[in-house]
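Written out below as structure tokens is the structure these notes cover.
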Amino acid sequence: MQDLDQFILRFGKLQDAMGMRLLPAVLMALQEPFEDRPMLDKLHRLEKLGYLDSAAQWQELRALRNGFAHDYPDEPEKRAALVNRAMEGSRELEAILDRIEQRLGEENAGGVSG
């Protein structure tokens, strides 16, 4: 149970850090003037630029993270489904990180050579 609690905590922290720090930093690095815009606008811009597959996917990951704020002690099936979805979500977060790293690398390589 402790491992499960650690996974849930770390999933939430990773999703928070990416949303509050990484995604805005990507826009800043690209010199996109979105610092005062709502998060949904930032997500749509990152999607348009190819850094996110889908703004809706990010919102689903955020809803999943928020789902852990509710305790389901009398509904183990509901909690298990949420944890299983978070396992999938962790792979999605990793894919987003990989995509951002790849795209930023392309941007930097393009800026140096061209």
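Position 1 is the first residue of the sequence, and the numbers go up from there.
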- request: Check the hydrophobic clustering (I, L, V, M, F, W, Y; side-chain heavy atoms under 4.5 Å; chains of links allowed) and say if Met28 and Leu52 are grouped together.
  value: no

message: Checking Gln6 against Gln2: is there a side-chain donor and acceptor pair closer than 3.5 Å?
response: no

- prompt: What about Met18 and Phe7, same hydrophobic cluster or not, with Ile/Leu/Val/Met/Phe/Trp/Tyr joined at side-chain heavy-atom distances under 4.5 Å?
  reply: yes

message: Less than 4.5 Å apart, side chain to side chain, heavy atoms only: is that true for Arg62 and Gln15?
response: yes

- prompt: What distance do His44 atom NE2 and Arg37 atom CZ have between them, rounded to the nearest 0.5 Å?
  reply: 11.5 Å

message: If hydrophobic clusters are built from ILVMFWY residues whose side chains come within less than 4.5 Å, do Met20 and Phe11 share one?
response: no

- prompt: What's the verdict on salt bridge (charged side-chain N to carboxylate O under 4.0 Å, His left out) for Arg10 and Asp16, showing C-alpha distance, side-chain angles and the deciding distance?
  reply: CA-CA 10 Å; Arg10 290 180 180 158; Asp16 282 344; over 6 Å; no

message: Applying a strict under-4.5 Å side-chain criterion to I, L, V, M, F, W and Y, I'd like to know whether Leu61 and Leu97 cluster together.
response: yes

- prompt: Minimum heavy-atom separation for Glu47 to Ala55, with atom names?
  reply: OE1-N, 3.0 Å

query: Would Leu46 and Trp58 count as a side chain to side chain contact (heavy atoms under 4.5 Å, CB included) if you check the C-alpha gap in whole Å, the side-chain angles of each, and the deciding distance to 0.1 Å?
result: CA-CA 11 Å; Leu46 288 165; Trp58 184 263; over 6 Å; no

- request: With the side chain counted from C-beta on, respond yes when Leu27 and Tyr51 share a heavy-atom pair under 4.5 Å apart, and no when they do not.
  value: no

Which pairs of donor and acceptor atoms, one on a side chain in residues 79-89, lie under 3.5 Å apart (sequence neighbours left out)?
unit_1, atom_1, unit_2, atom_2, d
Asn84, ND2, Ala80, O, 3.3
Arg85, NH1, Glu92, OE2, 2.9
Arg85, NH2, Glu92, OE2, 3.4

message: Ignoring hydrogens, what is the shortest heavy-atom contact between Phe34 and Asp41? Give both atom names and the distance.
response: CE2-O, 3.7 Å

field: Glu107 CD to Ile100 CD1 distance, which is reported to the nearest 0.5 Å
entry: 12.5 Å

message: Before you tell me yes or no, could you show the steps for Ile96 and Gln57 under side chain to side chain contact (heavy atoms under 4.5 Å, CB included), namely the whole-Å CA-CA distance, both residues' side-chain angles and the distance that decides it to 0.1 Å?
response: CA-CA 10 Å; Ile96 291 169; Gln57 174 195 27; 4.1 Å; yes

query: Which pair of heavy atoms, one from Leu23 and one from Gly19, lies closest together, and at what distance?
result: CD1-CA, 4.2 Å

- prompt: Do you know the tightest heavy-atom contact between Arg103 and Leu49?
  reply: NH2-O, 2.6 Å

query: Is it the case that more than 12 heavy atoms not belonging to Gln59 sit under 6.0 Å from its CD atom?
result: yes

